[in-house]
Amino acid sequence: EAREDTVYRLRALRLDGGLPSPLAQQILRVRFNLPPVLPTDEVRARLRDGLRDLVTARRLGDAVLLLGYLMGVPAEVEATRDQGLLAERAVASLVALVRRDASLTPHVLLADRFDETTPLDRALVSALTAAGEGPRLLLAVGARDHSCLSGELGEKAEKRSTGDQISADP
């Protein structure tokens, strides 16, 4: 299947909707062609259709549940006993999907206003940067306050901010 380069233009959204990861939701909307307003059953159906050729039939339901969670789709009671584990597995699933797609065609993720993201958004970006070498994936993060960045990404931002400063004063 021939695909063009993929560019995700992501913006931190602090909405009252309580989404666990607005950045993840934006990636999934583009990846699975999901419009902003869609009934829960339709979101699940589109995720199932899009994942059918990527995961085994035995794991399809789990993949739909995990990515659906990132879309704000309510999970069944049994699956929500440990929200932390559910969120961790959902992020890992999305990272695997993005890395798989990026192994086929180059991907660019532009995340703006990163200092306004949710903890799960930060975990997602951290997991994408920690994934190491492999797929053709470029990640650009913009933040007014780099203290929100952790790990290797935070270290690089710290080095850049404490380096040579350009001054407008004569």
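Both backbone and side-chain heavy atoms feed into the values below; hydrogens, waters and symmetry mates do not. Because the structure is predicted, anything quoted here is derived from the model rather than measured.
- The backbone N or O of H107 lies less than 3.5 Å from no partner atom in the side chain of R136, so there is not a single donor-acceptor pair.
- Remark: R52 engages D49 in a salt bridge (Lys or Arg N to Asp or Glu O under 4.0 Å) (not counting sequence neighbours).
- In this structure, the side chains of V64 and V73 stay at 4.5 Å or more apart for every pair of heavy atoms.
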Stepwise side chain to side chain contact (heavy atoms under 4.5 Å, CB included) check, I27 with L97: CA-CA 10 Å; I27 291 170; L97 178 65; over 6 Å; no
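- Evaluation of the salt bridge (Lys or Arg N to Asp or Glu O under 4.0 Å) test over residues 34-43, restricted to residues two or more places apart or in two chains, returns D41-R44, E42-R46.
- One distance of note links CZ of R29 with CE of M71; it measures 3.5 Å at 0.5 Å rounding.
- Here Q26 contributes atom CD and L28 contributes atom CG; the two are 10.5 Å apart, rounded to the nearest 0.5 Å.
- Of the listed residues (L110, V98, L109), just one forms a side-chain contact (heavy atoms from CB on, under 4.5 Å) with L139, and that residue is L109.
- T129 places a side-chain N or O within 3.5 Å of a backbone atom of S126 that can act as its donor or acceptor partner.
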Using side chain to side chain contact (heavy atoms under 4.5 Å, CB included), reason through F32 and V43 one step at a time and then give a plain yes or no. CA-CA 9 Å; F32 293 101; V43 171; over 6 Å; no
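- A search for side chain to side chain donor-acceptor pair (under 3.5 Å) contacts involving R89 returns D62, not counting sequence neighbours.
- Residues satisfying the side chain to side chain contact (heavy atoms under 4.5 Å, CB included) criterion with L138, sequence neighbours excluded, are V108.
- Remark: of the listed residues D121, T118, T117, D121 is the sole one forming a side chain to side chain donor-acceptor pair (under 3.5 Å) with S21.
- The side chain to side chain contact (heavy atoms under 4.5 Å, CB included) search around A90 returns L66, Y69, L70, not counting sequence neighbours.
- Residue L85 is not grouped with residue L124 when hydrophobic side chains (ILVMFWY) are merged at heavy-atom distances under 4.5 angstrom, including chains of intermediate members.
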